[in-house]
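Notes to accompany the following structure.
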Number of protein chains: 2
Amino acid sequence: MMSLGGQASDTPKNGGLSRIQERNRSLILDAALSEFSRKGFSGATVERIAAEAGMSKSNLLYYFSSKEAIYKATLAHILEVWLAPLKTLDPGGEPARELAAYIRQKIEMSATFPEASRLFANEVMQGAPQILPILEGDLRRLVSEKSRVIQDWIDAGKMRQVDPVQLIFMIWATTQHYADFSIQIKALTGKDLSDPVFFEETENSITTLILNGVGLTAPGNDD
Amino acid sequence: MMSLGGQASDTPKNGGLSRIQERNRSLILDAALSEFSRKGFSGATVERIAAEAGMSKSNLLYYFSSKEAIYKATLAHILEVWLAPLKTLDPGGEPARELAAYIRQKIEMSATFPEASRLFANEVMQGAPQILPILEGDLRRLVSEKSRVIQDWIDAGKMRQVDPVQLIFMIWATTQHYADFSIQIKALTGKDLSDPVFFEETENSITTLILNGVGLTAPGNDD
DNA sequence: TTGCATCTTGACCATTTGGTCAAATTACAC
DNA sequence: GTGTAATTTGACCAAATGGTCAAGATGCAA
């Protein structure tokens, strides 16, 4: 698990949580994700998070020692699930199928957890004050590892020459765009990823463009 | 010019500005772009903007009636230049050359005005409270118009079938990603678009991927 | 130089907001 | 049921911050 600094742990021995604690922490983190993703760290207020979690501000501060602690916990909570799909890229698989699966997973994330995407984007755009060490550490290693996988596919003549890191960036950019800029997309098309038809259209467009872009063709949908 | 609502104009007859006014407004808008793009609307403080502009908070409020007024003016100031490249897409040109030129312009914007990109991203991610009308109006019309251009190229058999709007989204996503997430990109690669080599690499990767993606090949660089 | 409009500022105010604390309430082991 | 620890809250505080205002400084036309 990726840890977010912090010496004073706000999550003591994970098993040592009462039912009430478990429930309230979960309520708080949900509310915090909603609030932070919509307003950013500065724009969010502890009071509103507490209200959305159905408790008083004082009580919320009984579970998390400060606004920043809530923020860090929220980030940590989403970061793992947000970066997980890349880990599934399988060196043994066929490039077309693997990349298509990765893209699909990323779009599904954007559709299912748009708030997480926006929170992450916000954090990075502010200079990644909390997660910079993770970006430079775990994430960098993961990207290196998966770049190696892609490079091997290229070396094996299975796909066109392309900088693997740039390819990963482009997949991130295109897929996350639909979550981060969903308001703009809705303003321009009237739809967003919550519309199943638009979701399929989008997945198809991105997959086709990127696979074609690296000299592959979309694999059949026989799963 | 795209106007940002607001009945009480903070920019009276454009010609009627004294030298002092012109200079100070410009200093303020520069400082505001820097501050708002780094901290977002809520995180920015009028005091810091004033300091960066080299004047007192009171004096800044002599030129702009409120924090929101500064924010609106800053947005209006960058919006036009930010959306301009799309307008240059020429129906009479060849798709490969036109798209390559558009992509290049967008990457140049990301390299030259990353703060503008982040400010715009921030505004949209917060729900576009200020610019939603523009997105739904002028921008929507512009995108429709240019989608028509792309669709005509497709109908003429000049490029592969693709949803033109989705193609535009993907160009926006990939190019702006390098400005909005430059911290992440720097953490992962050690470089950003201010590095000429990385700039060229990036332009090449994006252009190649997208043009190949729509069945085109990059045009020669004989300009 | 004079007089007026423009420009600039420090003092000040009201509100918001993150965080503290003591007291009250509730959950639960025995 | 009793007692202790966990939970919850309202009252309160200090700092930050957007904005006002009256007074002073400066620019400039005559």
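Just so it is clear, the values below take in all heavy atoms, side chains as well, and ignore hydrogens, waters and symmetry mates. A quick note: this is a predicted structure, and the numbers were derived from the prediction, not measured. To find a chain, count down the sequence lines: A is the first, B the second, and so on, and within it residues start at 1.
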- Specify the separation, in whole Å, of atom CG of A:L61 and atom P of C:dG18. 9 Å
- Message: Rounded to whole Å, please give me the gap between CG in B:L27 and P in C:dT8.
- Response: 10 Å
- Of the listed D:dG10, D:dG19, D:dG27, the closest approach to the B:I20 side chain comes from D:dG27
- Whichever of B:R23 and B:K57 has its nearest DNA chain C nucleotide further upstream toward 5': B:R23
- With a 4.5 Å heavy-atom cut-off, do B:E115 and B:I78 have their side chains touching? no
- Message: Quick check: do A:L29 and A:F64 have side-chain heavy atoms less than 4.5 Å from each other?
- Response: yes
- Query: Between B:Q21 and C:dT6, does any side-chain N or O lie under 4.0 Å from OP1 or OP2?
  - Reply: no
- In residues 47-54 of chain B, which ones come under 4.0 Å of DNA chain C, going by heavy atoms? none
- Task: Taking all non-hydrogen atoms of both residues into account, name the closest pair between A:E35 and A:T45 and its distance.
- Result: OE2-N, 3.1 Å
- Would you mind reading off the distance between A:N59 atom CG and C:dA23 atom P, rounded to a whole angstrom? 19 Å
- Query: In whole angstroms, how far is the C1' atom of C:dG18 from the OH atom of A:Y71?
  - Reply: 17 Å
- Query: Any donor-acceptor pair under 3.5 Å linking the side chain of B:S37 with the backbone of B:S34?
  - Reply: yes
- Listed in order of residue number, which residues of residues 30-46 of chain B have a non-hydrogen atom at under 4.0 Å from DNA chain C? none
- Message: Check this one for me: any side-chain N or O of A:R19 less than 4.0 Å away from OP1 or OP2 of C:dC28?
- Response: yes
- Message: Counting distance alone, no hydrogens or angles: does the base of C:dG10 have a donor or acceptor under 3.5 Å from a partner atom on the side chain of B:S58?
- Response: yes
- Task: Apply salt bridge (Lys or Arg N to Asp or Glu O under 4.0 Å) to the pair A:E52 and A:R38, showing each step before the final yes or no.
- Result: CA-CA 13 Å; A:E52 197 172 329; A:R38 261 179 307 156; 3.5 Å; yes
- Would you call B:R141 and B:E145 a salt bridge, using N to O less than 4.0 angstrom? no
- Message: How many whole angstroms separate atom CD1 of B:I70 from atom P of D:dT17?
- Response: 14 Å
- Roughly how far apart are A:R48 CZ and A:F36 CZ, rounded to 0.5 Å? 10.5 Å
- Query: Roughly, in whole Å, what's the span from CZ in B:R25 to C1' in C:dT6?
  - Reply: 14 Å
- Query: Are any of the side-chain nitrogens in A:E200 or A:R104 under 4.0 Å away from the carboxylate oxygens of its partner?
  - Reply: yes
- Whole Å only: how far is the CD atom of B:E22 from the P atom of C:dT6? 17 Å
- Message: Measuring to OP1 and OP2 of D:dT8, would you say a side-chain N or O of A:Y62 lies under 4.0 angstrom away?
- Response: no
- Query: In whole Å, what is the span from the CD atom of B:E68 to the P atom of D:dT17?
  - Reply: 18 Å
- Rounded (10°) bend between the five-pair end axes of the helix from C:dT1-D:dA30 to C:dC30-D:dG1: 20°
- Query: Should B:Q166 and A:Y178 be marked as a side chain to side chain donor-acceptor pair (under 3.5 Å) after you check the CA-CA gap, both sets of side-chain angles, and the distance that decides it?
  - Reply: CA-CA 10 Å; B:Q166 298 266 8; A:Y178 288 83; 2.5 Å; yes
- Answer yes or no: is there a donor N or O on one side and an acceptor on the other, between the side chain of A:S117 and the main chain of A:S110, under 3.5 Å? no
- Task: Would you check if A:F169 and B:T202 make a side-chain contact, meaning some heavy-atom pair closer than 4.5 Å?
- Result: no
- Query: Does a side-chain heavy-atom distance below 4.5 Å link A:L61 with A:K57?
  - Reply: yes
